[in-house]
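This is a predicted model, so every value here is computed, not measured.
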Amino acid sequence: MRRTRILTAVLALAAGLLAGTPPALAAESPAPTALAADTYTWKNARIDGGGFVPGIVFNRTEKNLAYARTDIGGAYRWQEATKTWTPLLDSVGWADWGHTGVVSLASDPVAPDKVYAAVGTYTNSWDPTNGAVLRSSNRGASWQKTDLPFKLGGNMPGRGMGERLAVDPNKDSVLYLGAPSGKGLWRSTDSGVTWSQVTNFPNVGTYVQDPSDTSGYASDNQGIVWVTFDESTGTSGNATRTVYVGVADTANSVYRSTDAGATWSRVAGQPTGYLAHKGVLDAKNGYLYLAYSDKGGPYDGGKGQVWRYATASGSWTNISPVAEADTYYGFSGLTVDRQHPGTVMATAYSSWWPETQIFRSTDSGSTWTKAWDYTSYPNRSNRYTMDVSSSPWLTFGANPQPPEQTPKLGWMTESLEIDPFNSDRMMYGTGATLYGTENLTKWDSGGTFTVKPMVQGLEETAVNDLASPPSGAPLLSALGDIGGFRHTDLTKVPSMMFTSPTFTSTTSLDFAESNPSTVVRTGDLDSGPHIAFSTDNGANWFAGSDPSGVSGGGTVAAAADGGRFVWSPAGTGVQYTTGFGSSWSASSGIPAGAVVEADRVDAKTFYGFKSGKFYVSSDGGATFTASAATGLPAGDSVRFKALPGTKGDVWLAGGASDGAYGLWHSTDGGASFTKLSGVEQADTIGFGKAATGASYQTLFTSAKIGGVRGIFRSTDKGATWTRINDDAHQWGWTGGAISGDPRVYGRVYVSTNGRGVVYGDTSDTGGGGGGGDGGGGTDPTPTGACAVTYKITNQWADGFQADVQLSNTGTSAWSSWSLGWSFANGQRIGSLWNADFTQSGTAVTAKNVAWNANVAAGSSVAFGFTGSWSGTNARPASFTLGGQTCAVG
């Protein structure tokens, strides 16, 4: 992602389609609570991608087992049956939010059920906790954690280098981890349970991006950046003798041990002046390949080289795809085709303009070809075609001039991997998505290979604000880096982000409560306006003008009738306007930087908050007066909203642990506030449709109540609260925004800092309902013949994974489906993807989601799940669809 992604996280934190239960992180001492609880189904409002994917890891011994890591949004496992990704770290809680940043992943080549993740987001003061190594014996379905005595930097400079975590391919109880910040090289000999520093490793790294950065972000030593084993120098059960380690030191970037880590030395004859971003070893031909850049990336890098080291003779060969003088980028994205080890690929990861370049050699780097070439500048010839129909927003609404094209092949392409079992499949990460191809070898035969997003289920946006209007689209979002979206269907990827203008990050949005067609948003943009308006509920936009001095989006509020707006931008004071921002006037009586909101009934009443003071305007934002209310949080980590339908009804959440912190309510327009005694901490507040028989709208908050951190709901004005998430659904930090849905009881939209927009629906049908697409009604029962294939794809000590394929073998299409079966041995489903499910005792029902409801005659639909078992794990004997029995294959 762009640098704005970092700023989003700092400002906020310095103060798949998923159904059922996702993978869980084992809690050491869960806090007891007597709170009420409700069963919710949690999913993502589909965007597909939206963030930087710095690492992709294929298992070398099991086909179709692959993982992806993100810089702030957790880790994912590939589901081959559905071509989707399953999130693995949703169980990371509020206190450990930094553990959603994944600096490295390692998949055990000896025991493929085992996977490891090195987690931690920042190495400076922004992240309050140390890093950790998570270990799983069931492919990430559950985790155990070992805390480290130092921090890790999943969102720090250099995060695209790696992998820093590696498992010995001959003795998998041995792992190495390269640490940043001068902490050196670490080793575990008990499968990641305990770690100790390799004290005789001679170099902890020297490279920093910017020594003058006083924040500690760009001035941190990038440390040990990758570990690679030469598997040919070991035998099964014995530690691999030869290990290579990459160090962030432009004069000494590669070290080696030939005695299983007992001693280490600098590899002689190596190139200098560069950092080795990747070190990939081809044991069959005896080559270590290295991709070099003059900078640590993933944003910077102006020169680079690619080298090949012969492990037997010790000779070095410069195999750079282009001459150093012709580079304006560094190299990364290094990979070897394990089916044909002489085939090597690399990327020009830091080529922002016109876009990235991908290089390919089929003769161990002696000669190379490019993914695209100039014919006669600025015209290009591409070896690939791009199909982004599944994520059409990847064009960014751009209309570039040659040699730029849209959609772009990518940028920040630090990770590129060829499937070790399939030479035709390649995946690579970019700053916005994960792309791939399944016909890569057409490159070599003169054909054209097709690049598509391979990212469904991987949701990686940072959410700044959310709105759910009473009419029109059910969800509007303000996002870091890719601006935001208007979701008319939560289960479908929108066609485009907000454009005209396209903000790099949207910081705030609002709609007119009595006229929801009128919407306003503010955001950051390197050059251009920082505010935009819509008169059709966010479908189309036009830019407003900026007052003098504006440098960033800040917060914005729309009057209840849409006739005026109040804006608190970065860089200047609070402003107000009538109409659509063609001119602005300074508001008086309110300090610069205040958070602003609108009363949802009175079109001339606006509110503000800054440094413990609440402000009120009754003249459309022209003048504000400080309220006499006291006891509010002294800092600025506060979010507040006015209740729709009632003038002067305001709720305020926020604070800090060293002062006032909680949830406050005002019924007199902010003149006074009452703190809710049962809420220990609260960071967001939102409103949704009232429960059946309730006289007040439903409240939602990300809070700590009864000693428990979670997402809470109240249907009685805050008198009692129900926790609606669970320990498996926490998503790290959720303090950005929250909104209920005014049309669907119980539905809530939750912001995350890297896992996108998560929404939940209650199982409590007494208060209302609604499906994932916002619709209702009863689906017709499918008719005609059906067939089911049930396959257990993996099994471990207490768990298993299964894939189910349901085929329409009749002559008529289905517009919905609901498949039922019973487990014979008491198995329990934990996480199920590509369908909704319920389980009562041994009986299970799996029902379509909106996007796979229609099944044509002769077609099939697939879903999968992980579950638990003990003793016996027999397949279900029969399956029923619409009251009829399906054939079982």
Side-chain angles (χ1 to χ4, degrees), residues 1-6 49-54 157-160 209-210 274-275 277 291-306 320-334 345-360 368-386 388 391 393-416 428-435 451 453 480-483 496-497 499 501-505 524-528:
M1 296 306 297
R2 307 176 185 84
R3 192 169 188 82
T4 49
R5 184 182 187 83
I6 298 165
F52 179 36
V53 180
R159 60 192 181 274
Q209 178 179 297
D210 180 5
Y274 292 96
L275 301 172
H277 277 225
Y292 287 95
S293 175
D294 59 345
K295 304 291 184 182
Y299 310 101
D300 55 3
K303 290 292 178 182
Q305 296 179 348
V306 178
S320 301
V322 297
E324 177 190 37
D326 293 331
T327 62
Y328 53 92
Y329 45 77
F331 291 98
S332 193
L334 187 66
M345 297 181 72
T347 67
Y349 78 89
S350 52
S351 177
W352 291 76
W353 187 93
E355 61 183 321
T356 199
Q357 181 62 275
I358 302 177
F359 304 93
R360 181 174 171 89
W368 297 82
T369 51
K370 302 176 182 178
W372 57 271
D373 288 282
Y374 288 114
T375 50
S376 57
Y377 184 87
N379 299 312
R380 288 169 43 176
S381 173
N382 297 338
R383 294 179 185 270
Y384 64 90
T385 59
M386 296 200 73
V388 297
S391 301
W393 61 265
L394 285 167
T395 66
F396 281 76
N399 186 27
Q401 298 299 309
E404 286 190 281
Q405 297 180 352
T406 188
K408 287 196 173 191
L409 195 58
W411 61 90
M412 293 168 60
T413 49
E414 291 259 30
S415 59
L416 182 146
Y428 67 98
T430 77
T433 193
L434 192 155
Y435 279 124
V451 175
D481 295 319
I482 58 172
M496 191 55 57
M497 68 273 286
T499 60
T502 304
F503 297 143
T504 51
S505 291
D524 300 330
L525 191 59
D526 292 337
S527 177

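With a 6.0 Å radius and a threshold of 12 heavy atoms from other residues, nucleotides or ligands, Asn399 has its CG atom at or below the threshold.
Looking at Tyr349, its side chain does come within 3.5 Å of a backbone N or O of Asp300 through a donor-acceptor pair. Side chain of Thr499 to main chain of Gly397: no donor-acceptor pair is present (N/O by atom type, distance under 3.5 Å, no hydrogens or angles). Ser415 contributes a side-chain N or O that, together with a main-chain N or O of Val53, makes up a donor-acceptor pair within less than 3.5 Å. Remark: the backbone N or O of Pro407 is not paired with any side-chain donor or acceptor of Thr395 at under 3.5 angstrom.
Residues satisfying the side chain to side chain donor-acceptor pair (under 3.5 Å) test with Ser391, not counting sequence neighbours, are none. With sequence neighbours excluded, no residue forms a salt bridge (charged side-chain N to carboxylate O under 4.0 Å, His left out) with Arg383. Not counting sequence neighbours, Lys303 has no partner by the salt bridge (charged side-chain N to carboxylate O under 4.0 Å, His left out) test. Under the rule for a side chain to side chain donor-acceptor pair (under 3.5 Å), the partners of Lys408 that lie at least two apart in sequence or sit in another chain are Glu404. Under the side chain to side chain donor-acceptor pair (under 3.5 Å) criterion, Thr369 pairs with Trp443, not counting sequence neighbours. Listed by chain and number, the residues in a ring-ring contact (aromatic ring centres under 6.0 Å, His included) with Tyr328 amount to none (sequence neighbours excluded).
Proximity of Ile358 to Tyr428: side-chain heavy atoms (C-beta onward) are separated by under 4.5 Å at one or more points. Side-chain contact check for Val322 versus Tyr329: some heavy-atom pair is nearer than 4.5 Å.
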**OP:** Would you sort out whether Ser320 and Gln305 count as a side-chain hydrogen bond (donor to acceptor under 3.5 Å, both in side chains), showing the intermediate values?
**Re:** CA-CA 5 Å; Ser320 301; Gln305 296 179 348; 5.1 Å; no

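Classification of the Phe359-Trp368 ring pair by plane angle, with boundaries at 30° and 60°, yields perpendicular.
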